[in-house]
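Residue numbers start from 1 in every chain, and the chains themselves are labelled A, B, ... in the order their sequence lines are given, proteins ahead of strands.
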Protein chains: 2
Amino acid sequence: MVDRPALSKGEMEVARTLWQMGPAAVRAVYQAMCEEKSIDFSTVQTYLRRLEAKGYATSKLEGRIRIYAAKARAKTVIRDTVNDLVERLFGGETMPLVRHLIEERGIAADELAELRQLIERLDASDQQEAP
Amino acid sequence: MVDRPALSKGEMEVARTLWQMGPAAVRAVYQAMCEEKSIDFSTVQTYLRRLEAKGYATSKLEGRIRIYAAKARAKTVIRDTVNDLVERLFGGETMPLVRHLIEERGIAADELAELRQLIERLDASDQQEAP
DNA sequence: AGTCTTGGCGTACAAGCGTACGTGGTTGTA
DNA sequence: TACAACCACGTACGCTTGTACGCCAAGACT
């Protein structure tokens, strides 16, 4: 659809916060982000402005407060970002990344269980599609 | 260990090619990359220079040809890059990305089988560590 | 010997990024 | 009403990234 310029790393964090919070004022986003890391209010403001400039967010003045809302869906952005990463770092192959994630980053037992189910499910539909 | 500046997207592709090929001249890297996408020879050269400047590669003149070799190991770079992505786009949680990869990008049947084994293995060691 | 090709190396340059500051208006408070 | 806190908005600035060009020397070809 719309072909937006890619998000930078910093912009991504702000976008993620915005997805989590829903429409929010700069200060609210700022405070949410503050809890995780030290960042300047103005920096957040600039990122939000850029997010809007790139077409990832909209904003409107509500009284004298500008409220930002995500425009692009998280799923879309994640898809594009991950596709790009997989392309560049793994030459387009998905499995090496999956392997890396599962082996090198901790996965809890209940998550493992979920994973197993996920696989069962896919396996079943594979069987159907390619008998 | 050494704290290198992060790789940019473009640099990553060159690094990956270099890992795949082992030590190689600029032209060799260029030709390998050409097959996948259109890129200028000088661009590749600049990326290799920057890779070295950032400490990800070394080079030495062999006759009048400069041979570049990867210095950082792929595993390390992948770890750092993926950690960063997971942090920024998923707030540090691994599972959403794993889920995304498995659900949204095609995984072949034999890869599914491999995944299942991987999970069995981890499950077993989990059991041992936390009885 | 003269010309073509190839490579190294220096340099460029606009756009994007990270990180803010300052100004001037608005609102809540003493 | 004077003052402090808060906000939007414009602006800045050095660094990085993407994408090259041009010059010069060494080897290859005629």
Side-chain angles (χ1 to χ4, degrees), chain A residues 3-18 23-34 36-69 77 80-81 84-85 87-89, chain B residues 3-18 23-34 36-69 77 80-81 84-85 87-89:
Chain A
D3 197 15
R4 299 174 255 253
L7 286 181
S8 78
K9 293 160 181 256
E11 288 160 353
M12 258 178 230
E13 289 177 279
V14 179
R16 181 170 54 83
T17 311
L18 204 54
V26 182
R27 179 139 311 256
V29 176
Y30 164 68
Q31 266 161 358
M33 296 190 66
C34 256
E36 297 236 336
K37 59 176 288 191
S38 138
I39 190 170
D40 193 285
F41 176 86
S42 316
T43 304
V44 176
Q45 200 173 30
T46 302
Y47 278 139
L48 284 168
R49 248 181 273 147
R50 288 183 184 168
L51 240 37
E52 180 165 24
K54 287 191 177 179
Y56 288 93
T58 16
S59 80
K60 59 173 186 293
L61 271 177
E62 218 145 271
R64 61 187 217 90
I65 305 278
R66 186 166 291 279
I67 304 292
Y68 285 90
V77 173
D80 295 347
T81 308
D84 190 81
L85 181 84
E87 203 55 50
R88 290 178 198 271
L89 202 50
Chain B
D3 197 15
R4 300 173 254 253
L7 287 181
S8 78
K9 293 158 181 256
E11 288 159 353
M12 257 178 232
E13 289 177 278
V14 179
R16 182 170 55 83
T17 311
L18 204 53
V26 183
R27 180 142 310 257
V29 176
Y30 163 67
Q31 265 160 358
M33 296 190 66
C34 256
E36 297 236 336
K37 59 176 287 193
S38 138
I39 189 170
D40 193 285
F41 176 87
S42 316
T43 305
V44 176
Q45 199 174 30
T46 302
Y47 278 139
L48 284 168
R49 248 182 273 147
R50 288 182 184 167
L51 239 38
E52 179 164 25
K54 287 191 177 181
Y56 287 93
T58 15
S59 81
K60 58 174 187 293
L61 271 178
E62 219 145 90
R64 61 185 218 90
I65 304 278
R66 186 165 291 279
I67 304 293
Y68 285 90
V77 173
D80 295 347
T81 307
D84 190 80
L85 181 83
E87 202 56 50
R88 291 180 198 268
L89 202 51

Per-nt protein contacts along nucleotides 8-15 of chain C (heavy atom under 4.0 Å; B base, S backbone sugar-phosphate only, - none) come out as BBBB----
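One can place CE of A:M33 at 12 Å from P of C:dA20, the figure rounded to the nearest angstrom. Atom CD in A:E62 sits roughly 17 Å away from atom C1' in C:dT26 (whole-Å rounding). Atoms CD1 (A:I39) and P (C:dA20) sit 8 Å apart, rounded to a whole Å. Rounded to whole Å, the distance from CG on B:D40 to P on C:dT6 is 14 Å.
Here the closest non-hydrogen pair linking B:Y30 and B:D40 is CE1-C, 3.9 Å. Residues A:A24 and A:V29 approach most closely at CB-CG2, 4.0 Å, considering heavy atoms.
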Show me the donor-acceptor pairs within less than 3.5 Å that the side chains of residues 44-51 of chain A make with the rest of the protein, sequence neighbours left out.
unit_1, atom_1, unit_2, atom_2, d
A:T46, OG1, A:S42, O, 2.9

Taking only distance into account, with no hydrogens and no angle test, what donor-acceptor pairs under 3.5 Å do side-chain atoms of residues 59-69 of chain B form with protein atoms, sequence neighbours excluded?
unit_1, atom_1, unit_2, atom_2, d
B:S59, OG, B:E52, OE1, 2.9
B:S59, OG, B:E52, OE2, 3.3
B:S59, OG, B:R66, NH1, 2.7

(message) Run B:L7 and B:T81 through side-chain contact (heavy atoms from CB on, under 4.5 Å) and show every step you take.
(response) CA-CA 8 Å; B:L7 287 181; B:T81 307; 5.8 Å; no
Exercise for the section: Check the pair A:E36 / A:E13 against side-chain contact (heavy atoms from CB on, under 4.5 Å), numbers first and verdict last. Expected result: CA-CA 11 Å; A:E36 297 236 336; A:E13 289 177 279; over 6 Å; no
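In 5' to 3' order, the nucleotides of DNA chain D bounding all contacts with chain B (an atom under 4.0 Å from a heavy atom) are D:dT17 to D:dA26.
Legend: residues meeting salt bridge (charged side-chain N to carboxylate O under 4.0 Å, His left out) with B:D84, ordered by chain and number and at least two apart, are A:K9, B:R88. With sequence neighbours excluded, the residues that form a side-chain hydrogen bond (donor to acceptor under 3.5 Å, both in side chains) with B:S8 are B:E11.
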